[in-house]
Amino acid sequence: MRLKFAFFAADSKQEDKGVRQLRFQELRDTDGAVLVQGLHPAIAVVAANAGARARAVAALADAGGCKVIRASDLDEELARASRAAAKEHEARVSEKRDQVADAERALAEAADAAEKAVHEAATAASDLARFEDLADRLASAEEGYEAAVRAEAEAARSLAASLSELDHVLDQRRSANVSLDEARSSRDNRGVPEAVVQQAVNVQAALASAEAAKDQAVEQADEYYQGARAAAREALAALQQAHSSLSRSLASTGSPDPGWGPGVPLPGLVANHRDQLAARLAAAGSAESRAKEAEAAARSRLESDRDELDALESAGVPELEPLGVALQWANAQEVAREDAVVADDAFGSFGPEGAAALVTAFSERGCQVIYLTEDPSVLSWAIGLPSEAGAATPMGARRERRFVLISS
């Protein structure tokens with residue numbers, strides 16, 4: 001069996017350049033009998049039964065210059081695509097499982113960070129509240145000590161005044177005693193009247209009474225002073241205790257040294273440290289809010305990844321659209337413009353429209369497509385093609401004869 005070739009120019013531009021494409025026009029056996037005649041140079045759909053198709057494909061394969069496509073080629077491609085889809089699906093499931101594991105770890109880390117932030121915020125709030133309480137106690141103790149010191153000073157001044165008045169009375173008594181002694185001496189010498197002596201005695205008695213009153217006043221002032229002094233000592237002890245409590249509290253919370261130096265700190269220094277603790281609390285509160293937001297985002301991401309994983313596993317391997325796979329395969333085939341593509345009803349499993357789409361896909365590559373079939377729908381499609389696009393040809397018929405399908 002031998003093949004006879006005919007040449008057709010692809011277009012006028014290529015013809016001008018002297019580039020011509022090889023096209024199968026007819027097929028004869030070795031005895032010269034016509035097997036197929038009048039093949040269209042673009043799309044040639046040949047009506048033939050299985051035996052005739054097998055002989056034609058064998059002849060074309062022996063002749064070379066053509067690419068023979070069989071149904072098994074597409075079956076293998078569909079199987080390969082199914083395996084690839086299953087492998088891709090498994091890879092996506094595995095990737096999503098890894099993402100779920102990462103999201104679980106991220107959530108655990110975010111939860112730990114949020115718990116730590118909550119603890120730090122609570123600690124900062126507790127430290128500030130305790131500091132404010134101890135600072136208030138210190139301020140109150142300091143005010144009490146200042147008042148006690150002022151009271152002690154006032155009591156001391158009162159005692160001093162009473163002592164001064166008593167001293168003054170004592171001086172007067174000494175003077176009165178001297179006058180009385182002189183009067184008595186003079187009376188004995190009959191130089192001073194008795195009235196003068198009596199007057200001196202009366203003054204002496206009055207001064208004695210005044211001295212007794214001043215003694216009592218001094219005792220009262222001293223008692224008041226001693227009480228004020230004791231109260232000042234108690235206020236000082238309370239102040240020192242409040243200061244000590246505040247210092248121990250700062251040490252127990254791990255706060256940095258405020259730099260107050262020895263002794264009770266000034267109110268301004270205490271207020272400054274209080275502002276620092278308040279700023280620390282505000283920062284801890286902001287960190288807590290961010291940590292909780294991060295935890296919520298991590299939880300949302302985990303839920304989303306789990307939902308996507310469940311959806312992937314429930315959906316299973318996606319079903320492929322066979323015709324789409326076949327068209328991708330057809331467009332990926334290496335076919336030269338001068339070659340011909342021969343298919344022995346290889347596209348029948350895709351239905352008439354699918355077969356037409358695959359034949360057209362190969363034809364658009366610029367090569368001749370010879371499709372052998374006995375499917376009336378495909379033949380009807382070929383008959384309806386424009387004359388420049390393709391035609392249907394019966395086995396053993398010339399090009400001039402065209403099929404006309406008449407529906408009942």
Side-chain angles (χ1 to χ4, degrees), residues 118-175 205-285 288:
V118 169
H119 174 71
E120 290 180 352
T123 300
S126 176
D127 290 346
L128 177 59
R130 180 170 176 76
F131 179 82
E132 287 180 335
D133 180 61
L134 293 175
D136 290 342
R137 292 184 186 181
L138 178 63
S140 177
E142 191 168 9
E143 290 178 0
Y145 176 67
E146 292 176 355
V149 169
R150 287 193 297 269
E152 181 185 6
E154 181 63 28
R157 285 193 293 271
S158 177
L159 176 60
S162 297
L163 288 172
S164 177
E165 290 176 1
L166 177 60
D167 184 59
H168 180 66
V169 171
L170 292 175
D171 285 342
Q172 287 180 330
R173 282 196 66 184
R174 284 192 295 270
S175 298
L207 288 175
S209 177
E211 180 182 356
K214 295 303 180 183
D215 281 338
Q216 185 177 4
V218 168
E219 289 178 2
Q220 291 177 350
D222 183 61
E223 183 179 355
Y224 176 71
Y225 170 70
Q226 295 301 328
R229 186 177 182 186
R233 286 196 297 267
E234 292 177 359
L236 177 60
L239 177 60
Q240 292 172 342
Q241 178 62 33
H243 180 217
S244 178
S245 297
L246 182 60
S247 299
R248 286 197 304 271
S249 176
L250 292 177
S252 65
T253 58
S255 299
D257 184 7
W260 290 341
V264 178
L266 294 174
L269 296 176
V270 176
N272 183 64
H273 191 70
R274 187 264 176 208
D275 292 341
Q276 292 177 0
L277 291 178
R280 174 191 167 196
L281 175 58
E288 178 185 2

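Side chains included, hydrogens not; waters and symmetry mates left out as well; all remaining heavy atoms used. What you are looking at is a predicted structure, and each value in this text was computed from that prediction instead of being measured. Along the sequence shown, residues carry numbers from 1.
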*Asks:* Roughly how far, to the nearest 0.5 Å, is the CG atom of L236 from the CD atom of E234?
*Replies:* 11.0 Å
*Asks:* Side-chain donor-acceptor contacts of residues 136-146 below 3.5 Å, not counting sequence neighbours, with atom names and distances?
*Replies:*
from : atom 1 : to   : atom 2 : distance (Å)
R137 : NE     : D133 : OD2    : 3.3
R137 : NH2    : D133 : OD2    : 3.3

*Asks:* Using 0.5 Å steps for rounding, measure from the OH atom of Y225 to the CD atom of E154.
*Replies:* 13.0 Å
*Asks:* Is there a side-chain contact between H243 and S247 in this structure, where contact means two heavy atoms from C-beta onward sitting under 4.5 Å apart?
*Replies:* yes
*Asks:* Quick check for you: to the nearest 0.5 Å, what is the distance between L266 atom CG and N272 atom CG?
*Replies:* 12.0 Å
*Asks:* Can you tell me if S126 uses its side chain to pair, donor with acceptor, with the backbone of A122 under 3.5 Å?
*Replies:* no
*Asks:* Should E223 and E219 count as side-chain neighbours, where that means a heavy-atom distance under 4.5 Å?
*Replies:* no
*Asks:* Could you report the tightest heavy-atom contact between A235 and A148, atom names first, then the distance?
*Replies:* CB-CB, 3.7 Å
*Asks:* Name each donor-acceptor pair under 3.5 Å that joins a side chain in residues 274-285 to protein atoms two or more places apart or in another chain, with its distance.
*Replies:*
from : atom 1 : to   : atom 2 : distance (Å)
R274 : NE     : E132 : OE2    : 2.8
R274 : NH2    : E132 : OE2    : 2.6
R280 : NH1    : D127 : OD2    : 3.1
R280 : NH2    : D127 : OD2    : 3.3

*Asks:* To the nearest 0.5 Å, what is the distance between OG (S245) and CG (L250)?
*Replies:* 11.0 Å
*Asks:* For a quick test of reading the model, state the closest non-hydrogen atom pair linking W260 to V270 and the distance between them.
*Replies:* CZ2-CA, 4.0 Å
*Asks:* How close do L159 and V218 get, counting heavy atoms only, and between which atoms?
*Replies:* CD1-O, 3.6 Å
